[in-house]
Amino acid sequence: MDLEAVSKRSAFHAKPQGLILQYGTAGFRTNAQHLDHIMFRMGLLAVLRSKQTRSTIGVMVTASHNPEEDNGVKLIDPLGEMLAPSWEEHATCLASAEEQDMPGVLTAIMEKEAVDPQQAAFVVIGRDTRPSSEKLSQSVIDGVTVLGGQFHDYGLLTTPQLHYMVYCRNSGGRYGKATIEGYCQKLSKAFVELTKQASCSGDENRSVKVDCANGIGALKLKEMKHYFSQGLSVQLFNDGTDGRLNHLCGADFVKSHQKPPQGIEMKSDERCCSFDGDADRIVYYYSDADGHFHLIDGDKIATLISSFLKELLLEIGESLNIGVVQTAYANGSSTRYLEDVMKVPVYCTKTGVKHLHHKAQEFDIGVYFEANGHGTALFSEAVEVKIKRLAQELEDEKGKAAKMLASIIDLFNQAAGDAISDMLVIEAILALKGLTVQQWDAIYVDLPNRQLKVKVADRRVISTTDAERQALTPPGLQEAINDLVKKYKLARAFVRPSGTEDIVRVYAEADSQESADRLAYEVSLVVFQLAGGIGEKPPPSF
Ligand code: 16G
Ligand code: MG
């Protein structure tokens with residue numbers, strides 16, 4: 001490995017002096033103008049990780065639900081998982097190094113991780129539809145090649161598709177073909193198999209409207225639509241032909257504003273869903289006969305999926321353990337329903353897919369969703385083998401249930417959540433159970449809630465514990481929140497520093513919208529006072 005060549009090449013991707021960025025919850029993310037050096041360096045790091053693991057590593061260029069002018073990058077580990085935490089630290093170190101220190105930092109990482117410089121390296125690259133993404137992915141490639149790594153550039157892909165490609169390439173074909181065709185075939189075959197079991201009355205025309213956030217999801221759904229055209233008609237909106245990425249549309253907009261995106265034609269009681277900018281999140285919604293908007297978020301998605309999986313397991317007669325993983329943002333009603341009615345164990349982790357994913361791996365079947373629509377169901381390899389064997393051996397109702405479960409395993413083919421997979425599983429379950437979107441929504445009633453942001457000088461003054469539900473510092477903050485919460489019925493509130501924006505997030509829920517709004521406002525005031533608020537005091541949100 002020629003470190004001198006690296007230094008020379010790095011000069012073409014110079015780091016703006018003094019710019020320090022951190023590998024956050026989902027990689028690096030900021031205005032696209034500041035990212036060229038990061039991309040080059042993540043190309044370098046991907047080569048080292050590939051050498052160390054002797055596997056293909058993925059590099060995805062995207063800033064997900066962030067505005068169009070932002071961009072970002074994250075690395076994907078061999079099994080299609082998020083980058084290991086110790087390598088996140090290396091990523092931050094490498095990204096922050098001044099030009100002259102780069103070779104030293106690279107050498108230090110190689111020593112610490114016992115990277116064999118002679119080992120071959122292979123990196124696969126994907127990008128979303130942002131105007132800046134193509135050039136930035138070229139910088140990644142520049143980093144890969146200068147360290148002698150081989151690469152394949154998939155071009156435009158959803159984030160979950162790149163996860164799929166990485167896993168396919170590292171599992172010797174067992175998992176599927178590492179091509180877009182392979183992806184489409186695997187998912188559509190499983191979807192068609194699964195919905196075959198639905199007692200189709202013939203008169204029901206299953207259709208769903210999808211808001212694609214003007215992003216990559218639109219392109220990829222278009223490529224895929226004809227594979228399952230018989231079972232489901234998918235109508236695309238905000239497909240990127242006009243309109244800006246994530247602007248007034250997409251899963252994040254719908255969830256945080258609790259209203260429909262612009263650019264979709266909603267008729268009453270029609271099933272609609274929104275993807276985010278890189279198609280790894282999904283939320284559903286509909287508008288009722290009175291024109292009221294109803295959001296069906298990640299919590300209700302997790303409930304639908306986990307109850308269906310539990311039913312199938314009961315039918316087969318297998319006592320596999322199933323658990324649901326949520327974050328503090330999960331609506332209190334969902335947790336209560338899962339625990340008290342469905343009798344499924346529920347766990348809470350810190351925000352960010354990697355935390356939920358990690359916890360979900362402890363179960364035979366782990367269903368994890370963030371309220372914002374990020375999630376999937378994980379099946380351990382042993383469970384997958386067992387179910388697929390049962391699907392061949394068992395007959396009658398048991399056999400049918402085992403076959404359905406096997407198809408669901410193939411549909412959730414990601415090591416991380418995939419809006420397209422999630423949508424197909426949800427559509428299949430609704431068809432199989434003959435549920436309308438209203439019936440699904442009525443499983444439980446969400447507690448009214450409100451989220452707010454507070455600007456502070458340094459958000460790191462807030463530290464949390466108990467899966468972010470309690471603030472440890474600054475002193476007095478948690479006590480103040482406790483006192484406020486006591487004033488309301490069925491109330492809960494917490495604060496945490498954002499992992500993606502320079503702000504503190506406030507969450508409150510209570511028995512009425514007015515109370516939730518008031519509580520969120522009062523909590524944001526104490527954050528402002530005790531955690532060094534800057535600028536205007538938070539205004540009342542009601
Ligand atoms: C990232 C996370 C998402 C999380 C969000 C929280 C991944 C792939 N994405 O987008 O899961 O909900 O950050 O953002 O882990 P926040 O820290 O700004 O609230
Ligand atoms: Mg995303």
Side-chain angles (χ1 to χ4, degrees), residues 186-210 224-225 227-234 269-273 282-286 296 298-318 320 322 324 337-338 341-342 344 365 367 369 373 375-379 383-384 387-388 390-392 394-414 417-444:
K186 179 166 184 180
L187 263 64
S188 53
K189 181 164 171 273
F191 177 74
V192 170
E193 283 291 319
L194 183 56
T195 43
K196 250 194 219 159
Q197 314 289 340
S199 42
C200 218
S201 52
D203 53 23
E204 206 188 354
N205 183 14
R206 310 232 28 119
S207 68
V208 59
K209 292 185 164 175
V210 188
M224 200 169 178
K225 256 167 65 171
Y227 284 91
F228 50 75
S229 54
Q230 302 230 304
L232 178 68
S233 126
V234 179
D269 295 339
E270 271 180 346
R271 214 160 51 247
C272 303
C273 65
I282 184 169
V283 293
Y284 269 74
Y285 44 90
Y286 68 98
I296 303 181
D299 302 333
K300 256 182 199 158
I301 295 175
T303 308
L304 180 78
I305 293 171
S306 52
S307 18
F308 190 65
L309 292 176
K310 202 175 165 192
E311 273 174 36
L312 293 181
L313 287 177
L314 276 177
E315 182 68 53
I316 304 173
E318 285 295 319
L320 296 172
I322 178 166
V324 176
Y337 180 85
L338 285 163
V341 182
M342 277 184 48
V344 177
I365 302 176
V367 179
F369 266 89
T376 190
L378 285 183
F379 299 79
V383 168
E384 176 172 350
I387 299 283
K388 291 195 169 164
L390 290 174
Q392 295 192 332
L394 296 176
E395 285 173 8
D396 305 327
E397 289 305 302
K398 281 187 180 202
K400 196 172 150 183
K403 285 191 185 73
M404 285 198 252
L405 209 44
S407 300
I408 293 181
I409 292 176
D410 281 344
L411 268 172
F412 278 129
N413 75 107
Q414 308 304 324
D418 180 345
I420 296 179
S421 294
D422 291 343
M423 182 186 85
L424 293 177
V425 172
I426 291 165
E427 290 299 322
I429 295 178
L430 294 177
L432 287 161
K433 294 189 64 80
L435 281 178
T436 63
V437 70
Q438 296 84 341
Q439 288 167 325
W440 174 21
D441 186 35
I443 299 180
Y444 59 80

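This structure is a prediction, so every number in the text was calculated from the model and none was measured. Just so you know, residue 1 is the first one in the sequence shown, and it goes up from there.
- Counting heavy atoms from C-beta outward, Leu435 and Leu304 have side chains that approach closer than 4.5 Å.
- Comment: Glu193 does not engage Lys189 in a salt bridge, judged by the lack of any side-chain N to carboxylate O separation of less than 4.0 angstrom.
- No donor-acceptor pair closer than 3.5 Å links the side chain of Ser421 to the backbone N or O of Gly417.
- Residues Leu430 and Val437 fail the side-chain proximity criterion, which asks for heavy atoms closer than 4.5 Å.
- Under the 4.5 Å side-chain criterion, counting only non-hydrogen atoms from C-beta, Leu411 is in contact with Leu187.
- To the nearest 0.5 Å, the span separating OG1 on Thr195 from CE on Met404 amounts to 11.0 Å.
- Looking at Ile408 and Leu312, their side chains come closer than 4.5 Å, going by heavy atoms from C-beta outward.
- Remark: Glu427 pairs with Phe191, Arg206, Val208, Leu232, Arg271, Tyr284, Met423 by the side chain to side chain contact (heavy atoms under 4.5 Å, CB included) rule, at least two apart or across chains.
- The main-chain N or O of Asp441 is found under 3.5 Å from a side-chain atom of Lys300 such that the two form a donor-acceptor pair.
- Between Glu315 and Ala401, the shortest heavy-atom contact is CG-CB, 3.5 Å.
- The distance from atom CG of Leu405 to atom CD of Glu318, rounded to the nearest 0.5 Å, is 10.0 Å.
- Residue-environment remark: NZ (Lys388) exceeds the threshold of 12 foreign heavy atoms within 6.0 Å.
- The heavy-atom pair separating Val324 from Ala302 by the smallest distance is CG1-CB, 4.5 Å.
- In this structure, the side chains of Ile305 and Phe412 come closer than 4.5 Å at one or more pairs of heavy atoms.
- Counting only heavy atoms from C-beta outward, the side chains of Ile443 and Met342 never approach each other to under 4.5 Å.
- Annotation: the span from Leu309 atom CG to Ile409 atom CD1 amounts to 9.0 Å, rounded to 0.5 Å.
- When all heavy atoms of Lys310 and Val344 are compared, the closest pair comes out as CD-CG2, 4.0 Å.
- When every heavy atom of Gly375 is checked against every heavy atom of Asp422, the shortest pair comes out as O-OD2, 3.0 Å.
- The minimum heavy-atom distance between Leu424 and Met224, with the atom names listed, is CD1-CE, 4.2 Å.
- Atom NZ in Lys403 sits 13.0 Å away from atom CG in Leu194 (nearest 0.5 Å).
- The two atoms that bring Ala402 and Leu394 nearest to each other are CB-CD1, 4.3 Å, heavy atoms only.
- The closest side-chain heavy-atom distance from Ile296 to Tyr286 is below 4.5 Å.
- By the 4.5 Å heavy-atom criterion applied to side chains, Ile301 and Ile426 are counted as neighbours.
- Atom CZ of Phe369 is separated from atom OG of Ser306 by 9.5 Å, given to the nearest 0.5 angstrom.
- Between the CZ atom of Phe308 and the OG1 atom of Thr303 there is a distance of 15.0 Å, given to the nearest 0.5 Å.
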